[in-house]
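The block underneath contains the structure these notes are about, expressed in structure tokens.
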Amino acid sequence: MGIFSTAGLFLAVLLCNGFFLQSCLGSGSIPAVTCIEQERQALLKFKRSLTDTTRRLSSWTGEDCCNWEGIQCDGNTSHVVKLDLKDLEANEVYPSLLELKYLEHLDLSRNDFHNIPIPIFLGSMTSLRYLNLSNSGFSGRVPHHLGNVSNLMVLDLNCINTESLTIDDFRWVFRLSSLQYLDASGMNLSRALNLGVMLNMIPSLTELRLSRCELHSTLFLASHFYLNSTASNIRTLDLSMNSLAGEFPKFIENLTALRVLDLSFNHLNSSFPLYLENFKSLEHLNLGDNSFNGDVVGLSRLLLTQCTLKSLDITNNRFKGQMSRSYGNLSGCAMYNLEMLILSDNPFISGNLPDWLGQFKRLKYLDLSYNSFSGSIPQSLGTLSALEVLLIYRNQLNGTIPVSLGQLSSLKILDLSFNHLEGVVTEANFANLTILEELRIDSNFLTLKVISDWMPPFQVQSLRMGSCKIGTGFPQWLRTQKKVSLLDISNASISGTLPQWLDEMPLQTLFLSDNLIGGPIFQKFPSTLEALFLSHNLISGPIQKLPPTLRQLDLSDNLISGPLPQNISEMVPNLETLSLAGNLISGLIPYSLWEIPDLDDLDLSRNKLFGNLPRYKGWGALSSLRIMKLSSNKLSGILPSSIGNFTSLEWLHLNNNSFYGELPSTLRNCTSLMVLDLGENRFSGSIPTWIGDLSLQVLRLHKNMFIDNIPSQLCQMRRLQVMDFGNNHFTGPIPRCFGNLSGMILDESNGFYINIQWVETSMMQVIKGRELEFTRWNLELLVNMDLSRNNLVGSIPKEITNLSGLLGLNLSHNNLIGKIPEKIDGLKSLESLDFSMNQLSGIIPQSISGLNFLSRLNLSYNNLSGRIPMGNQLQTLPPSSYLGNSELCGDPLPRKCHDDEKSQPPTATSHRQEHEEDDSEKVWFYVAIMSGYATGLWGFVGVLLLKKSWRHAYFQFVVMVKDKVLLAIALRVAQLKNYINQFGG
């Protein structure tokens, strides 16, 4: 926001010193000067090296060069002392500047020198006190000869491209003993030497800017990096946008004279450094966009005790805790200095908004957005009479909007959106907001209730009141807003038709979605309108006319009927977004639709369009089209080869139509494709191998007629998150290389998938046994593989267990054989697993109990055997998960395993029942023995095979006989030993 920059003030003071004193004191009686001829000739030679595209040098004519634009001469000597030549272009810099021996100020900033090196001769211009080469297109190493300009006070080498200029060693800077301001921002200083030594060698240095220099923490941790008292004179230090990580830089502790400290956009992750409370001159502190953590108490204490602090920015960090703790009354200096406070994007800061915020009487800018503040808005905020911007959106605030906020007469921007605020808003809430420019109270639970003839005190440019209940008709007070360019009254329970007076407002963007607005779309809209959002209303009839200035149009989910206008490209020639989904539009897609040159997002899904996609070469004109959604219509035919002309296409949804035939080879030209949904059609043939060359995130071919093997080239799609090939005729094995699909593997460093941003889209997926619709809000978390209902053969490749990010895996209704992979627990994110209707065999591996998120399992109708594993949630799953596997046993099936019957401890009742059963079994056993002798050994064996309890009785008999034989033998052996002992001695 520029508030951290003191360079302008410093340079202004410098310019008012020495030879600039006369001009800074005002016009007065300044004697006329005439430039020296030798210097005039030198300037003309230098002009020849410049390209004056802006005609800035058109005044460089005549004898008196002191009157030329960009030139200033000394009032006494007539020597040229200042040369200010911004915004020019040159391929070289003529050394004729050396003739300007008294030149003290040289500004060549914002030029384009086409990557030539900085001229070495600048090091011979020893009179220079100010040298500005910032953003001038120089490249290469900064020449060490600049160290000869010993009088230099300001050196600005700021560059945009970090690869253009470099400093390899700071030793040449040591010689600039008068240097006060050094800006080397944008250079790659990751390997620069002697930075710390330079800071200690220049006692005059007060402002150092090293932003975007790829500096890392190890540089400042080096043993030689020690700052003495000389370096403590630094007032401004800018180390923003570097690679500093870990702890807060220790060397800063000695820079107690700092007024400005900017460490934003680094990777620092320590707690707030309490020693900053000792910096009694600190005015501007920016720690935004790091990973600072720890309790917010230290930060609060700095706010309340640092008398000089004017601005504090800790945007996008990880501070936590509550700020509502009372610290008593603020000291007088703290009450009247703070002007800007930005605490946004710290989602762990919670609790109530502190009441003491109302004591910062000079506060102009307060941003508390994207936190977790709860409770009500304190009344004390209404006492901040200097406040111009108040942002508290996206928190968890509740209660009503305090009437005291309506007294903030300096307020220009008020944003309380996306909270849980409720209650009635009346005229009193806006009583003194006379200069308000932006008002946002949308996405709350508010009701606006004002008198019918209310005249708001403000003239806003942006008014967002979405989700506020404002009555059944359009509020008449809106007609008083003569400056409003953005109006949002969506989801406001408005009914009726669009009022004619809307065209009186200078609207550019109009949100009216989610209301009950009816009538035809034909309306006289403002001539300035560029974006119209009217989705989820009751708009009916055909589209006959649209504002020609439109760039965005959303009429989805209405009752619009009839065909699309044949001349739609003439009606809205600048259209970029067109969404007509969920209507009753019929007929063919007009050719003119493909002639809108800037069309970026097209959604005609869920209508009644029919016919073929046009075979039209003009499709190539739509070079900017990124999103095409034609799903759920009645379109048919083959895909024309001209679809390959959409080279910028990223999302293509053609599902739920009647397309057929093979995929055109020209589709491979759409190299930007991320989502390809061709489901629910009649496409046939093999999957072309070139699909593996696309960077797809979603490939959905569900319910088509594809055949042959699944090509292994698909494994090249490293970003693939959704693979849905269910309900086709694929054959062959599952490629083993599917285990290399990185988009289905958790990134262990942060626990998230490797994915890209989703747009407003939706997709159907069968997961957990049900067909579910996924939208942009949960699509990024969807990682699913569905190969069900095909003719796949072979075993399930063990490599598939590498896919640790999979949420759903469906291989059902195939001809798969073999065992379930032993390391199935590698699918650690799995929520739904379906291997049913295959020919899998063997046991269910115990590792399946390690799937902690599994909520649906279907292994039914295979040839699995053995005990169902125990552990975690497996026993909570229904028995139907295991149906059709006759050899499975154990919970939750009623069939007990053999080991279960052996391991059950007997009770008194059960022991008596078992004894009675044993007697009965013994009788039947002896009968069986007799019949066995009669019918032969195999007859007996057959009987044993038929009745389980008989087998148990038989084995018990064998054990009993064995025990008796062994006991008899033991007794005989004992008797024999006893006899030997008695008579053998």
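Side chain of Ser217 to main chain of Ala245: a donor-acceptor pair is present (N/O by atom type, distance under 3.5 Å, no hydrogens or angles). Formation of a donor-acceptor pair under 3.5 Å by the Asn242 side chain with backbone atoms of Leu215 is found in this model. In this structure, Asn419 contributes its side chain and Ser417 its backbone to a donor-acceptor pair below 3.5 Å. No donor-acceptor distance shorter than 3.5 angstrom exists from the side chain of Asn148 to the backbone of Leu146, with no hydrogens or angles considered.
Using a cutoff of 4.0 Å between basic side-chain nitrogens and carboxylate oxygens, Glu207 and Arg209 are scored as salt-bridged. By the 4.0 Å N-to-carboxylate-O rule, Lys250 lies too far from Glu247 to be salt-bridged with it.
Within the structure, the salt bridge (charged side-chain N to carboxylate O under 4.0 Å, His left out) test picks out the following pairs touching residues 164-177 (sequence neighbours left out): Arg141-Asp168, Asp169-Arg171. The stretch residues 377-391 participates, sequence neighbours left out, in no salt bridge (charged side-chain N to carboxylate O under 4.0 Å, His left out) pair at all.
By the 30° and 60° cut-offs, the orientation of the rings of Phe248 relative to Tyr275 is perpendicular. The aromatic rings of Phe292 and Phe319 lie parallel to each other, with less than 30° between the two planes, well short of the 60° mark.
In this structure, the side chains of Asn293 and Asn317 stay at 4.5 Å or more apart for every pair of heavy atoms.
Counting only N and O atoms by type, the side chains of Ser243 and His216 include no donor and acceptor under 3.5 Å apart.
Residues passing the salt bridge (charged side-chain N to carboxylate O under 4.0 Å, His left out) test with Asp183: none are found, sequence neighbours excluded. Residues passing the side chain to side chain donor-acceptor pair (under 3.5 Å) test with Ser136: none are found, sequence neighbours excluded. Under the salt bridge (charged side-chain N to carboxylate O under 4.0 Å, His left out) criterion, Arg235 pairs with no residue at all, not counting sequence neighbours.
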Output a table of donor-acceptor pairs, distance under 3.5 Å, between side-chain atoms of residues 394-402 and any protein atom two or more places apart or on a different chain; print 'none' if there are none.
from: Arg394; atom 1: NE; to: Tyr370; atom 2: OH; distance (Å): 3.0
from: Asn395; atom 1: OD1; to: Asn371; atom 2: N; distance (Å): 3.3
from: Asn395; atom 1: OD1; to: Ser372; atom 2: N; distance (Å): 3.3
from: Asn395; atom 1: OD1; to: Phe373; atom 2: N; distance (Å): 3.0
from: Asn395; atom 1: ND2; to: Leu368; atom 2: O; distance (Å): 2.9
from: Asn395; atom 1: ND2; to: Ile392; atom 2: O; distance (Å): 3.3
from: Asn395; atom 1: ND2; to: Tyr393; atom 2: O; distance (Å): 3.3

